[in-house]
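Down below is the structure, laid out as C-alpha cells.
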Amino acid sequence: MQNIRIVEIPSMKAVYSGPLTDNETFEAFNRWFSEYHSSLKNEIYPRDFMWYNERIGAQEWFYALPHGAEKNLIDRFEITDLPCGLFAVASCLDADIDGAADWLKTREELIEWATNSEMFKPYENADGKPERYPMFHIVSPGRLYGAGISIEDLYLPIEER
C-alpha cells in the first residue's frame, strides 16, 4: 500500500485551461503557465493540477493564482475557482512513463484506502455538490524526464464520513 497523506486545498482562484481537446490548447496553456510560474519568486509547492473531467470527456488544467496576482497577465484563459476540499494523496510514476500502470494502481489503492477508512470516504459527484475528480501534479523536475524519471502526486477527492 502507498504511503497516503491527507491535504486540504483551500478555496482560491485559478486560471483554467478549458477542455484540453487538442494539442494546440494544451501547448498554449503549458507555455502560458510555465512562463508565468517561472516569474514567481520562492515557490516551493505545486500550483498546477490536471484532471480528467468525466462529464465532458476531456482533461482540464488549473493553475492556482498566488495572492495579489495581476490578472492582466492571464492572457486568453478564464479565471475560475480551483477545485478545493480534502484529498488523499500518494505518489506514483507519471502515466506517460509506464503507460499509466502505476497511476491506475495508485488510484485503486487510494480508493480502497478511502473506502475502508473509518473517517473518510471517496468523494462522489452529485447534484448540488461541486464537481471534483482525481487530480495530478508532476513533482519531479522536468529535466529528469529524458532519463525516464517523472513522479507525480495523485490527489483523490475525499470527504468526511
State, to 0.1 Å, how close [X] and [Y] come at their nearest heavy-atom pair, and which atoms those are.
{"X": "Trp51", "Y": "Pro134", "answer": "CB-O, 3.1 Å"}
{"X": "Ser17", "Y": "Thr25", "answer": "O-CG2, 3.9 Å"}
{"X": "Ala28", "Y": "Arg76", "answer": "CB-NH1, 3.7 Å"}
{"X": "Thr115", "Y": "Pro122", "answer": "OG1-CG, 3.6 Å"}
{"X": "Ala90", "Y": "Asn3", "answer": "CB-O, 3.8 Å"}
{"X": "Ser91", "Y": "Arg5", "answer": "OG-NH1, 4.3 Å"}

Flag the pair [X] / [Y] as yes when at least one side-chain heavy-atom distance between them is below 4.5 Å, and no otherwise.
{"X": "Arg47", "Y": "Met12", "value": "yes"}
{"X": "Asp153", "Y": "Pro46", "value": "no"}
{"X": "Val139", "Y": "Glu152", "value": "no"}
{"X": "Ile79", "Y": "Leu65", "value": "yes"}
{"X": "Leu156", "Y": "Phe87", "value": "no"}
{"X": "Leu20", "Y": "Glu60", "value": "no"}
{"X": "Asp48", "Y": "His137", "value": "yes"}
{"X": "Leu86", "Y": "Glu160", "value": "yes"}

Report the C-alpha distance between Val15 and Trp32 in whole Å, list the side-chain angles of each, state the deciding distance to 0.1 Å, and finish with yes or no for side-chain contact (heavy atoms from CB on, under 4.5 Å). CA-CA 10 Å; Val15 179; Trp32 173 84; 3.5 Å; yes

To the nearest 0.5 Å, atom CG of Leu82 lies from atom CZ of Phe62 at 7.0 Å

What is the distance from atom CD1 of Ile158 to atom CD1 of Ile4, rounded to the nearest 0.5 Å?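 If I round to the nearest 0.5 Å, the distance is 9.0 Å.
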
Only one of Phe29, Tyr36, Trp61 forms a ring pair (Phe, Tyr, Trp, His ring centres under 6.0 Å) with Phe77, so which one is it?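 Looking at Phe29, Tyr36, Trp61, the match for Phe77 under the ring pair (Phe, Tyr, Trp, His ring centres under 6.0 Å) is Phe29.
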
Option passing ring pair (Phe, Tyr, Trp, His ring centres under 6.0 Å) with Tyr63 (candidates Phe33, Tyr16, Phe49):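 In the set Phe33, Tyr16, Phe49, the residue that makes a ring pair (Phe, Tyr, Trp, His ring centres under 6.0 Å) with Tyr63 is Phe33.
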
Between [X] and [Y], is there a donor-acceptor pair closer than 3.5 Å when you use the side chain of the first and the backbone of the second?
{"X": "Lys129", "Y": "Glu124", "value": "yes"}
{"X": "Asn116", "Y": "Glu112", "value": "yes"}
{"X": "Ser117", "Y": "Trp113", "value": "no"}
{"X": "Arg132", "Y": "Cys84", "value": "yes"}

Considering residues, nucleotides and ligands other than Glu24, do more than 12 of their heavy atoms fall under 6.0 Å from its CD? no

Give the cluster check for [X] versus [Y]: same hydrophobic cluster or not, with ILVMFWY residues linked at side-chain heavy-atom distances below 4.5 Å.
{"X": "Met119", "Y": "Tyr123", "result": "no"}
{"X": "Phe120", "Y": "Ile111", "result": "yes"}
{"X": "Met50", "Y": "Ile56", "result": "no"}

Would Glu54 and Tyr133 count as a side-chain hydrogen bond (donor to acceptor under 3.5 Å, both in side chains) if you check the C-alpha gap in whole Å, the side-chain angles of each, and the deciding distance to 0.1 Å? CA-CA 8 Å; Glu54 296 169 9; Tyr133 299 100; 5.4 Å; no

Apply the test side-chain contact (heavy atoms from CB on, under 4.5 Å) to residues Tyr155 and Leu110: give CA-CA distance (whole Å), side-chain angles for both, the deciding distance (0.1 Å), then the verdict. CA-CA 9 Å; Tyr155 291 69; Leu110 284 168; over 6 Å; no

Pairing residues for Arg55 by the side-chain hydrogen bond (donor to acceptor under 3.5 Å, both in side chains) criterion, not counting sequence neighbours: Glu131

Closer than 4.0 angstrom, basic N to acidic O: yes or no for Arg31 and Glu35?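 Result for this pair is no, no salt bridge flagged.
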
